[in-house]
Trainee: 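I am attaching a structure below and will ask some questions about it afterwards.
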Amino acid sequence: AVFGQELFEELQTAFGTFGGIFKALNGNAQNMRVYLAQPHVSFLLVTSPFPEALQEARFFRRRISQLQMPFKGMILNRSYARCEGMVFPDESLLTDPHDPVARSALAKLREAAEREQVRAEGDLALLRDLEAEVGDQGFALALPELKDGVDDLEGLKIVATWLSDM
């Protein structure tokens with residue numbers, strides 16, 4: 001035998017457990033479909049500006065439509081489309097305009113700001129594309145790239161504040 005008796009028994013137990021889970025999921029699938037078709041329920045797809053994520057979101061958007069499920073909108077997460085308050089670094093930031101170290105630092109800040117500006121323009125164009133794709137069936141919004149991500153209640157509060165301000 002390739003496997004020992006103990007491993008064989010563990011695999012049997014695992015497959016038996018998964019079998020029960022799959023049976024429960026299949027039994028609940030119809031109930032879930034009925035629930036998701038209610039007028040107060042709708043899908044909100046969250047994507048990022050990255051091609052793979054956009055491809056997946058568009059796939060799910062088509063699938064939701066094919067299943068005739070309610071769709072509400074798209075959120076472009078981790079985006080630079082909302083760049084209000086971003087300041088392009090200029091000479092006014094220098095306390096000593098003749099300091100070579102400060103001038104070098106300002107030049108590096110400008111390079112980074114230019115990259116962010118290009119990304120912001122691309123994300124804004126992408127947001128407009130998503131708005132056009134959604135049309136009058138819902139909305140498309142952009143959330144900023146949050147430095148610390150969203151993996152706790154505090155992060156969710158920040159996202160909720162951004163969404164409520166839109």
Side-chain angles (χ1 to χ4, degrees), residues 14 18 21 25 28-29 32-33 35-166:
F18 283 121
I21 291 171
L25 288 175
N28 289 328
M32 186 59 72
R33 181 181 266 289
Y35 176 78
L36 292 174
Q38 295 180 38
H40 69 279
V41 176
S42 61
F43 285 88
L44 182 62
L45 296 175
V46 179
T47 187
S48 70
F50 306 107
E52 299 83 11
L54 288 163
Q55 184 178 4
E56 288 177 7
R58 287 176 170 134
F59 166 81
F60 282 113
R61 172 73 175 98
R62 286 189 303 275
R63 192 71 178 126
I64 289 167
S65 179
Q66 290 168 351
L67 294 172
Q68 299 178 336
M69 302 301 280
F71 172 75
K72 194 63 174 175
M74 299 199 58
I75 294 181
L76 181 59
N77 194 21
R78 299 172 55 196
S79 167
Y80 281 41
R82 293 195 53 176
C83 55
E84 304 92 8
M86 292 178 87
V87 177
F88 195 83
D90 62 19
E91 303 285 327
S92 68
L93 295 174
L94 297 176
T95 53
D96 178 2
H98 303 293
D99 180 0
V101 173
R103 296 198 70 71
S104 174
L106 179 61
K108 290 177 182 174
L109 278 175
R110 283 184 175 160
E111 289 175 17
E114 287 169 2
R115 284 191 302 273
E116 286 183 352
Q117 193 172 34
V118 167
R119 179 167 173 200
E121 290 166 3
D123 286 0
L124 192 54
L126 176 56
L127 179 61
R128 288 186 190 122
D129 289 347
L130 293 175
E131 289 169 341
E133 289 176 31
V134 169
D136 59 358
Q137 294 179 359
F139 59 85
L141 302 172
L143 288 175
E145 172 101 35
L146 297 176
K147 182 182 96 177
D148 296 324
V150 178
D151 56 5
D152 59 9
L153 191 55
E154 196 58 40
L156 287 174
K157 286 179 188 176
I158 293 169
V159 169
T161 300
W162 272 92
L163 289 173
S164 65
D165 289 345
M166 292 183 178

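Small disclaimer: the values here were computed from a predicted structure and weren't measured. These numbers come from the heavy atoms of this one structure, side chains and all, not from hydrogens, waters or symmetry mates.
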Trainee: For the residue pair M69 and F43, establish whether any side-chain heavy-atom pair is separated by less than 4.5 Å.
Mentor: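 Answer yes - side chains close enough.
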Trainee: Should we say atom CD of Q38 is surrounded by more than 12 heavy atoms from elsewhere, each under 6.0 Å from it?
Mentor: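 Counting neighbours around CD of Q38, more than 12 heavy atoms of other residues, nucleotides or ligands fall under 6.0 Å, so yes.
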Trainee: Other residues, nucleotides and ligands only: do more than 12 of their heavy atoms fall within 6.0 Å of CZ on F60?
Mentor: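 Not buried by this count: 12 neighbours or fewer within 6.0 Å.
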Trainee: Within a radius of less than 6.0 Å around CD of Q55, do more than 12 heavy atoms belonging to other residues, nucleotides or ligands occur?
Mentor: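 No - once you tally the heavy atoms of other residues, nucleotides and ligands closer than 6.0 Å, there are 12 at most.
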Trainee: Can you check side chain to side chain contact (heavy atoms under 4.5 Å, CB included) on L45 and I64, steps first, answer last?
Mentor: CA-CA 10 Å; L45 296 175; I64 289 167; 4.0 Å; yes
Trainee: Can you confirm whether R78 is buried at CZ, in the sense that more than 12 heavy atoms of other residues, nucleotides or ligands lie under 6.0 Å from that atom?
Mentor: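 No - once you tally the heavy atoms of other residues, nucleotides and ligands closer than 6.0 Å, there are 12 at most.
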Trainee: For R61 and Q137, which I'm curious about, is there any donor-acceptor pair between the side chains at under 3.5 Å?
Mentor: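 Yes - a donor-acceptor pair under 3.5 Å links their side chains.
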Trainee: If you take all heavy atoms of A81 and L127, which pair is closest and at what distance?
Mentor: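 Shortest heavy-atom contact: CB-CD2, 4.2 Å.
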Trainee: How far does CZ of R115 sit from OH of Y80, to the nearest 0.5 angstrom?
Mentor: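 It is 10.0 Å, given to the nearest 0.5 Å.
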Trainee: Which heavy atom of P49 sits nearest to which heavy atom of S79, and what is that distance?
Mentor: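 Heavy atoms only, the tightest pair is CG-CA, 4.2 Å.
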Trainee: Give, for atom CE of M74 and atom CD of E133, the distance between the pair rounded to the nearest 0.5 Å.
Mentor: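 Reported to 0.5 Å precision, the distance equals 6.5 Å.
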Trainee: Rounded to the nearest 0.5 Å, how far apart are CG of L67 and CZ of R63?
Mentor: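 Spacing of CG (L67) from CZ (R63) equals 4.0 Å.
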Trainee: State the CG-CG distance between L126 and L76, to the nearest 0.5 angstrom.
Mentor: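 Here the rounded value is 5.0 Å.
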Trainee: Could you grab the distance from atom CG of L93 to atom CG of L106, nearest 0.5 Å is fine?
Mentor: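 Going from CG on L93 over to CG on L106, the span is 6.5 Å.
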Trainee: With side chains defined as the heavy atoms from C-beta onward, is the minimum distance between F71 and L44 less than 4.5 Å?
Mentor: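 Answer no - side chains too far apart.
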Trainee: Looking at CG of N77 and OG of S48, how far apart are the two atoms once the value is rounded to the nearest 0.5 Å?
Mentor: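 Reported to 0.5 Å precision, the distance equals 7.5 Å.
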Trainee: Is there a donor-acceptor pair under 3.5 Å between the side chain of S104 and the backbone N or O of P100?
Mentor: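 Not at all, since once roles are kept as given, no pair shorter than 3.5 Å links the two residues.
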Trainee: Can you pull out every salt bridge (Lys or Arg N to Asp or Glu O under 4.0 Å) where at least one residue sits in residues 88-106? Sequence neighbours excluded, please.
Mentor: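 Salt bridge (Lys or Arg N to Asp or Glu O under 4.0 Å) check on residues 88-106 returns E91-R103, E91-R110.
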